Amino acid sequence: VNFEVIHMSQYLFGLLEEKPLSLDELQRKTRSEAEGLGRFLAALVCLKLLNERAGKFENSPLAARYLDPARPEYLGDFLLYRRYFAPHWQRLGSRVTEGSSANDQPIHEGSKDYGERVFNYVRAMDRQAGLKAAEATEILTDWVRPAPRWILDIGGGAGSWCRALVRRFEHARAVLVELPEVISAARGLYPESSDWEGVEAVAANVLMPCVAEKKFDLVVLSNILHAYGPDEAASIVCQAAGCLAPQGALLIHDYLPDGHEPRSVKGRLYDLHMMLNTFNGRIYCLQDLRQM
């Protein structure tokens, strides 16, 4: 991924959301070279991110919704975070031939850089999780009966699933379990007390039992199991099940390599992503999850 291209596109999509612009107008506003900009715009048209009408360019509906920085559904942060993953993909050959030892490399990173990376990660994942959770709660309304009063979100990032579920189910309250540094970043993203109404944050490692004394009507494992190996993932599922109240429901939301196209392709590619960017993470098939 060329992150300079993403930054350039981010600026373009913001400009074009105001009104359609010609190549000359975009050249002046972006201070770009005409030929290069024209060829870049032509590629964006082919990717269906821009439309061209009467010599002027405008955002496609897809770009207008997800790539305009001013929109609440903006996913540019989610794309830009890939800068941290790109170097790991250069190790694909050694990871295949050497195994997990190729991932076990020292990371020279100061506390300030680590804090910035965690914040960027939490912000990037939260935007995507918010969109997913909003869609999922429509389905859960009919699936979870009776309506849950207590909800546990294990490894839920900045709490998008918690907020969506608390809004969806009247009188519901949620507990968010996350690492201390993730919760700190979440507080930075959501500084208002109103952002945490009905949501309690508990700082803990998802592999450690921390809320066993409570029982929950709904336990959510969203995009968490793929970060761990089979034994760890099974342990997380068992702990989650142990937190369920009678008739409680366990929701696993994750990538699956054995779904319908194009999900299966995405699942298999994401499995490589986990192989390169975690110590022993992987994508699990539906049957694996059922066995857990």
Side-chain angles (χ1 to χ4, degrees), residues 1-15 30 66-92 95 100 102-133 153-164 176-196 199-208 210 222-228 255 270 272-281:
V1 178
N2 187 315
F3 297 103
E4 289 184 1
V5 168
I6 294 179
H7 277 297
M8 177 66 169
S9 303
Q10 179 186 41
Y11 183 48
L12 279 173
F13 296 131
L15 285 174
T30 62
Y66 296 116
L67 297 178
D68 173 20
R71 291 291 295 266
E73 300 98 332
Y74 173 66
L75 287 178
D77 292 330
F78 183 74
L79 299 175
L80 287 168
Y81 190 79
R82 267 56 187 162
R83 75 184 70 177
Y84 298 108
F85 299 142
H88 296 190
W89 277 87
Q90 304 301 318
R91 300 205 308 263
L92 178 58
R95 177 62 180 84
S100 60
N103 284 6
D104 193 14
Q105 299 181 4
I107 298 176
H108 303 289
E109 185 177 43
S111 58
K112 181 179 179 181
D113 292 335
Y114 175 70
E116 180 181 345
R117 180 164 62 87
V118 169
F119 181 82
N120 290 338
Y121 175 78
V122 174
R123 180 177 61 182
M125 298 301 109
D126 186 65
R127 287 292 182 93
Q128 188 217 33
L131 295 173
K132 299 273 189 179
D153 187 0
I154 300 176
S160 279
W161 278 83
C162 288
R163 292 183 185 88
L176 169 66
V177 175
E178 256 295 2
L179 294 171
E181 56 266 39
V182 174
I183 291 178
S184 177
R187 297 285 186 189
L189 283 172
Y190 295 97
E192 304 298 329
S193 58
S194 58
D195 295 327
W196 297 90
V199 178
E200 174 190 356
V202 174
N205 188 311
V206 298
L207 294 174
M208 302 296 292
C210 58
S222 175
N223 284 344
I224 186 69
L225 295 180
H226 63 239
Y228 298 96
Y255 294 93
Y270 207 81
L272 291 181
H273 178 58
M274 288 296 98
M275 184 176 75
L276 294 168
N277 288 284
T278 67
F279 183 73
N280 61 357

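Everything quoted here is computed from the prediction, not taken from an experiment. Computed from heavy atoms alone, side chains included, the values below leave out hydrogens, waters and symmetry copies. One is the number of the first residue; the rest follow in order along the sequence.
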Any side-chain to backbone donor/acceptor pair from R95 onto M275? Under 3.5 Å, distance only. yes

Just do the side-chain contact (heavy atoms from CB on, under 4.5 Å) check on R187 and D195 with the steps written out, would you? CA-CA 9 Å; R187 297 285 186 189; D195 295 327; over 6 Å; no

Which atom pair, heavy atoms only, marks the closest approach of W161 to A129? NE1-O, 4.1 Å

Quick check against the 3.5 Å criterion: does R163 have a side-chain atom that pairs as donor or acceptor with the backbone of G159? yes

Enter the distance from D77:CG to R127:CZ here, rounded to the nearest 0.5 Å. 6.0 Å

Would you compute the distance between atom CE of M125 and atom CG of N120 and round it to the nearest 0.5 angstrom? 10.5 Å

Point-to-point distance, once rounded to the nearest 0.5 Å, from OH of Y66 to CD of Q128: 10.5 Å

Is atom CZ of F119 surrounded by more than 12 heavy atoms (other residues, nucleotides or ligands) closer than 6.0 Å? yes

If you take the centroid of each ring, where Trp contributes its six-membered ring, are Y270 and H273 closer together than 6.0 Å? yes

Minimum heavy-atom separation for A158 to A186, with atom names? CA-CB, 3.6 Å

For side-chain contact (heavy atoms from CB on, under 4.5 Å), just list the numbers for L272 and W89, CA-CA rounded to whole Å, side-chain angles, deciding distance to a tenth of an Å, and then say yes or no. CA-CA 9 Å; L272 291 181; W89 277 87; 3.7 Å; yes

May I ask you to test the L75-L131 pair for a side-chain heavy-atom distance under 4.5 Å? yes

Partners meeting ring pair (Phe, Tyr, Trp, His ring centres under 6.0 Å) with Y74 (sequence neighbours left out): none

Which heavy atom of A227 sits nearest to which heavy atom of N280, and what is that distance? O-OD1, 4.3 Å

What one should report as the nearest heavy-atom pair of L179 and N205 is CD2-CA, 4.0 Å

Is any side-chain heavy atom of D153 closer than 4.5 Å to a side-chain heavy atom of V199? no

Kindly give the heavy-atom pair with the smallest separation between V177 and V206, and that separation in Å. O-CG1, 4.4 Å

Taking all heavy atoms of S160 and all of D126, pick out the closest pair and write down the distance. OG-OD1, 2.6 Å

Hey, could you give me the CG/CG distance between D68 and L15, rounded to the nearest 0.5 Å? 10.0 Å

